Enquirer: 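Before I ask anything, here is the structure I am working with.
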Amino acid sequence: MRKGVIAFLIVNLIVIGFLVNAVFTLITLLFEDCSADAIHSSEIPAPNSILIDQRPQLIPKIIHQTWQNETIPERWQAAQQSCVDLHSDYEYKLWTDAKSREFIATEYPWFLETFDNYPYPIMRADSIRYFILAHYGGIYVDLDDGCNRRLDPLLSYNAWVRRTVPTGISNDAMGSVPQHPFFLRVIESLQLYNRNWRVPYITVMYGTGPLFLSVIWKEYIRWGTTEEGRVRVLMPDEYNKNSWSFFAVYKGSSWHAGDAKAIFWMGQHWLLITFAGFALAGCLYGTGFIIYKRLHLKNTNYNEKPTSSWFPWRRNTPTGAGFKRLSQHEV
Ligand SMILES: *[C@@H]1O[C@H](CO)[C@@H](O)[C@H](O)[C@H]1NC(C)=O
């Protein structure tokens, strides 16, 4: 083998090594059933149960939501109002783009440059929610999630996230005490994960979105945590499926909005998108290899080996005009 090819293979191996390392966490995520930290149906009192008042309140009574400005689109007003109405004794904070930036600039100036330079606005909307939970604590709720009952029982944990099917966790509803080690770790990890993956979905999902959060979470729980450091997991039945669930998803109406539609679709299908992204990256990479191989042989000694061995379909295509032209060009 030629030196160039060997160097190319070594670079390949290094890149593949990095990918395997990243994919390892993703694969272990696939087998994570959250059983160790799941919030069980049996431990959540029914909506009007007297047991609710006997539970400790750790998370502060604040509901956080985000939108670009103070004008909430009509399609989400009912969802937003349902949370406000049920929690008149909670503080309600709407984080507009302007307020979010001001908050980062004042409290987390080391992050401002990253925050300002995110290529997609959704990445600012994703990252700000981690900072406000780490800073103030409280419960973050996406604008398209309405409240189906009071969230009080969820204040009894140090932190919680929401399980998504088939795997991982989402960032559309989360709660935390201030300065919780998980959310501190999340905000510390944002810069490291801020990479341009060329595929916008991957850049968003793996940079700030549910995939990013799931990977950080998986690594966080790998070696166990203290009781205070524990992150409990809200399971699908308690999320939105039943009369006793905490949230009622108003997605029916929000799905008419163009860009928001794509964003929520991405949020719900991040696993599919991720694997599609890796498959695409693999194809591009393979194509790059074929092109390299072909150019390399062509530029050095093309008579030595028929390049068509890299194009098995060409061996039996005697009549394809396009292929003929290519072949002639080579010789
Ligand atoms: C909020 O943003 C929307 C969409 O960009 C715009 O139509 C609306 O006028 C803005 N509202 C205010 C109060 O700035």
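Quantities reported herein were computed from a predicted structural model and do not represent experimental measurements. Just so you know, ligand 1 is whichever comes first in the structure, and atom 1 is the first atom listed for that ligand.
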Enquirer: Atom 12 (C) of ligand 1: which protein heavy atom is closest, and how many Å away?
Expert: Asn69 ND2, 3.4 Å

Enquirer: Identify, with sequence neighbours excluded, every residue that meets side-chain contact (heavy atoms from CB on, under 4.5 Å) alongside Glu102.
Expert: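 Here the qualifying residues are Thr106.
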
Enquirer: How close does the nearest protein non-hydrogen atom get to atom 5 (O) of ligand 1, and which residue and atom is it?
Expert: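 Answer for atom 5 (O) of ligand 1: Gln68 NE2, 3.1 Å.
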
Enquirer: Tell me the side-chain hydrogen bond (donor to acceptor under 3.5 Å, both in side chains) pairs involving residues 41-65, sequence neighbours left out?
Expert: Ser41-Glu238, Glu43-Tyr157, Glu43-Arg232, Arg55-Ser156, Arg55-Tyr157, Lys61-Asp89, His64-Trp95, Gln65-Tyr92

Enquirer: Could you check whether atom 9 (O) of ligand 1 has a protein contact, counting only heavy atoms that fall below 4.0 angstrom?
Expert: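 No, because not a single protein heavy atom sits under 4.0 Å from atom 9 (O) of ligand 1.
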
Enquirer: Which pair of non-hydrogen atoms, one from Asp237 and one from Ser245, has the smallest distance, and what is that distance?
Expert: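 Closest pair (atom of Asp237, atom of Ser245, distance): O-OG, 2.6 Å.
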
Enquirer: Tell me the protein heavy atom at minimum distance from atom 13 (C) of ligand 1, and give that distance in Å.
Expert: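 The protein heavy atom lying closest is Thr71 OG1, 3.3 Å.
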
Enquirer: Tell me which one of Phe111, Tyr136, Phe131 satisfies ring-ring contact (aromatic ring centres under 6.0 Å, His included) with Phe103.
Expert: Tyr136

